[in-house]
Every structure is written in structure tokens, then in C-alpha cells.
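Reviewing the structure listed below.
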Amino acid sequence: MSSATINGERKNGGTSRGLRVLVIEDAPADAEIEIAELRRNGFEVYADVVDTADRVRERLARTQYDVILADYNLPNFRGMDALDILRQKNLNIPVILVTGALSSEIAVDCVKQGATDYVLKDHLARLSASVRRALEETRLREERARVQRQLADKVEELARSNTDLEQFAYVASHDLQEPLRMVSAYTQLLAERYRSKLDETADRYIGYAVEGATRMQALLEDLLAFSRVGRNGESRALSDANIAVNEAIKNLTIALKEQGVIVTCTPLPTVPADRFQLVQLFQNLIGNAIKFRGKAIPRITVSAERQGEEWVFSVMDNGIGVAPEHRDLIFKIFQRLHTRTEYPGNGVGLAICKKIVEQHGGRIWVDSELGQGSNFRFTFPAAAADRADKKEQAHELYAQNSAGR
Amino acid sequence: MTTPNEVDILLVEDNPDDLELTLHALRRENLANNVFAVRDGEEALEFLFCTGRFSGRSFDRHPRLVLLDLKLPKLNGLEVLKRVKQDPRTKSVPVVILTSSKEERDLVASYNLGVNSYIQKPVDFDQFRKTVKSAGLYWMVINQRPLSTPAQIAAAAAQP
């Protein structure tokens, strides 16, 4: 006998009810006993019995089996060959070796090579438990694979939406600015050419139109700057925060001099961060401290202290401060608390700060009272190398910037 | 406009409104006498490589300046820049990108391809005019170019 069907043929990939078993066995009586044993334990068994490699391949091509019971050593087939066939066909069906006599070394070796379990023919009482466990393991493995697939899908989806966003930013930069320039330029040309022929109201309207277009362009630029934070911040090389602050101060020289600002900076650590983003972060915070100054000469102190696995930076000023109810709001994009005539700007600076900090795995917040100055604080993870070093840096104050008086 | 062999400035711009603005700005500075405009990247290459409807042009009389937009139909500005800078017959022609974008990736790509200058068109028209004036004066008046023909320049480069 080379192949026999017990309990009739089933459809390919049949329902989940019932147990589909492929028995690789040359003794029909043994196969019958195995199947009977499973039935006795409540399985509704649909079994096919084969005894050659060709038949195994043939059956596997037609039916989705839940489990394979293979005799360890048949004249024409070795039980372990079933594993090779499954691997070739990329199938994930548990194989239980059912065998007359098997040394424990060989048994362990079979399991190492991928057999799920082995059951001795004179201990067939174990068979049902073994099959149950194999089914459960398969179910768990499939479940795990499903979750992993879902995760991979989500990651891909996220990557796609990031790409879309990037594409949007690019399109905004190119395509939205063009028509804007046309509106602005031709309104200005109109104004120029017909100035004497138009009345004062017309001139004012033209002024508004140009102003609107210019403002929209500034908004687009800011939106782009915001979206760029996500795109260019790949580098996690170590950056010296002292250098970043110096750079930021250099970029703000004019404003610092004009307002007679005094900036004090204590020694800062080196952190895993994108160098340019670190400069931008300090520049936005120091720039804000200058912009939202109070009546007194602006004083800004930049410092950092080690707290566990992270550095907490602080940019403290004596400016107008932030009311408690606005402390979260100020970090939202395009959120402004003042009119443009009071303080210019589009409300993007702090949103960019937040994005930079969060992208590096940190947090940003403000400690402040209205009229009492602000202390903007943010965290960066400590560099792996200096985590071992528990010694805190000495916080010796020194004046970093002589732009003040 | 002028005949293809007397061109000082080749303007590559697909938007008629944008084209007119640039011409307007050049005219004010008396830089528009020898300006020739093409509308897409393919036409720009035909002009610079003296092919197609510009097959009568000579390589010996290249424009002193190419003002190149990035977003162009058919062949974009970067592709035009690449072909111009890769070919010994045209690589000495100054190419200035004139675009609304100041996307870092456009800047990086342009400089990698050997652009001579990159200018973002300002939204404010006065600013735009000043920018075109500065760029025009710089490339037409201040900048010195070799008297040799592009072929002679290329031959000199080929010598050890």
C-alpha cells in the first residue's frame, strides 16, 4: 500500500473544525491505532496515510495539514525527511515522530533539527497531548507572525505618511510660493505704474495685498522649517552643547547687541544630538528670551544639570514670562499669544524646539510666572560614554558673552 | 529679444508671468537687450548644444549667463544643469539657478552638479528687482570670463 485515505477526501484548506493529519507510516495497523488514539481523545480526525517521499509531496500539495505523524524509520522514507520537504515547500506544519524504538540521543537530535516532539509506539497515550501541544505552539507562532506582520505594516504605513509629508513640504516650497510671488509682484507693479492715477484707498488696499502675500510666504517658510526638523535630524553623533550655544549667540549677535543682553553660560555637556538642530534649539530659545524681554536689561542664563540618565538644560530669562494656562499652548505650531504688532513672528519657534527635543528622546517645558521671567527646560539623554561617569560637572559660572555692557 | 547668436543671457522659465517679471527687472537695469528666453528644459539644451531649432547657433558664442528655473516641463532644471556641466563644450557657461525654492536638497543637488550660483526669488517685488539687478550686474559687468572659446577652454583642460 502506498497511499490510503481514511474517512474520505477533504477539500483543500478545509474548515478549522477537525484535525487534518498526514500519517507517514508503512504499517496500516499502526496508522489505524494512532488515528484511533486521537479519536478516542476527542479529535475529529481526517487522515491520509502515505509511505514514500513522492506521496508526501503529493499530499502536501493538495491539503493543508494541521500535523504530521511520521515513523522514524521506514524502508522508503526517514521521518526526518519530512522536515526537509516541509522546508523546501516553505510549510510550517508540526512534525511528531511516532516510532517503535528510539534512543534518547537520536530523539533529542530530531527535536533539535526541527521535529516538534517524538512519541514511542508503546506509549501512544502521550500522542494526543503531544498533538495538542504542537497545535498550540503552531497557533502561538502564527499569532506572533501575524502581530509582527501587522507591526511591519504599521511601520511601512508610517514611513509612507512621512514620505507624503515630505513630498507635501517639497511641493509647498516649490508650487505654493510661485503663485504667491506673482500676486505680490504684480500688485506691486500695479501700484507703481498707477500710483498717481489711483486714490489713497487703492494704495492702502494694494499695501494689504502685498502684506498678505508676504506674510503667507513667511508662513510657508516656517512650515517648511518645521517639517525639515523631521527630515534632516538623522545624525546622533555627539555634539558639544557649549559650541552649539556659542554658535547660536553668534547668529543672534545683532539682536543681543541692540538690546544690551547679558548671556551667562555654565559649562554644558556633550550630548547625542544633531549639531545643527542643537544650534537651532538654543537659538530659538535665546531669541525668544530677547524678543519677549521685560523692561529690565535682558539677562539670560544657559545651564545644564545631570539627573540620572539624562541632562536637564535650562534657558532662563527675566522677560515677560508665560501665564500658567499658556504653558502647553506655546509649544503648538502657529500658536501665538500676542498680536503681530506687539511681537512679530508666526508662532513656529517653540514648536520647532519641541520637535527637535522630542526627536532626540527628550522633553521640553517651561517653568514661569507672568512677569517673573521664564525658565525653559529640556532634557537630552546622557551620552552612553558619560553615563558611567557619575561625577557631576562643577558648575562654575562664567560670562560667555560680552555683548552686554 | 535677440537672435540666438548674440545672446548674453539665456533665461529658462516656463511661466509667462514669471518670465515677464524677470524681463521687467532686467530691462530696468538695461540688461535686457540681449536676453533670450526658452520655455522648458529640452529647449534650453537644444539652445546650449546648438541642436534642433538652434542648430544654426555656434558653440563659440555662448551666453554669458544662464538663468535657470528648477521646475520646468519635460526636463527639470537639475537635469539641464547636469548635462551642461558634464559636457566640456558647455561646462564653462555660468549657470545661475533662479527659483522659489530654497529646499536644502535642491541646493545640495545644484552645488554637487557645479552650479555657479543659487538664488531664491524673493516674494517682495522690490527685493526681486534688487536681486535680479545684483545678479545681472555681477555676471555681466563684474565677473571676468576667459576670452578663449569654449572649445579652446576644453582643449586646455584636456592637456596634461
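Residue numbers start from 1 in every chain, and the chains themselves are labelled A, B, ... in the order their sequence lines are given, proteins ahead of strands.
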- prompt: So how far is it from A:Y186 OH to B:H24 NE2, rounded to the nearest 0.5 Å?
  reply: 9.0 Å
field: A:Y205 atom OH: more than 12 heavy-atom contacts under 6.0 Å
entry: no
Minimum heavy-atom distance A:S184-B:F125, with the two atoms named: OG-N, 4.3 Å
- prompt: More than 12 heavy atoms of other residues, nucleotides or ligands under 6.0 Å from NZ of B:K91: is that the case?
  reply: no
message: Can you tell me if A:E310 has over 12 outside heavy atoms packed within less than 6.0 Å of its CD?
response: yes
- prompt: Has A:I254 got more than 12 heavy atoms of other residues, nucleotides or ligands less than 6.0 Å from its CD1?
  reply: no
Rounded distance (nearest 0.5 Å) linking atom CD of A:E178 with atom CG of B:D69: 5.5 Å
message: Does A:Y194 have more than 12 heavy atoms from other residues, nucleotides or ligands lying within 6.0 Å of its OH?
response: no
message: Give the interface residues of residues 128-140 of chain B toward chain A, defined by a heavy-atom separation under 4.5 Å.
response: B:F128, B:R129
field: Within 6.0 angstrom of B:K85 NZ, more than 12 heavy atoms from elsewhere
entry: yes
A:R193 atom CZ: more than 12 heavy-atom contacts under 6.0 Å: no
query: Is chain A contacted by the side chain of B:Q127, its backbone, both, or neither, given a heavy-atom distance below 4.5 Å?
result: neither
- request: Looking only at non-hydrogen atoms, find the nearest pair between B:D126 and A:Q188 and report the distance.
  value: N-NE2, 3.8 Å
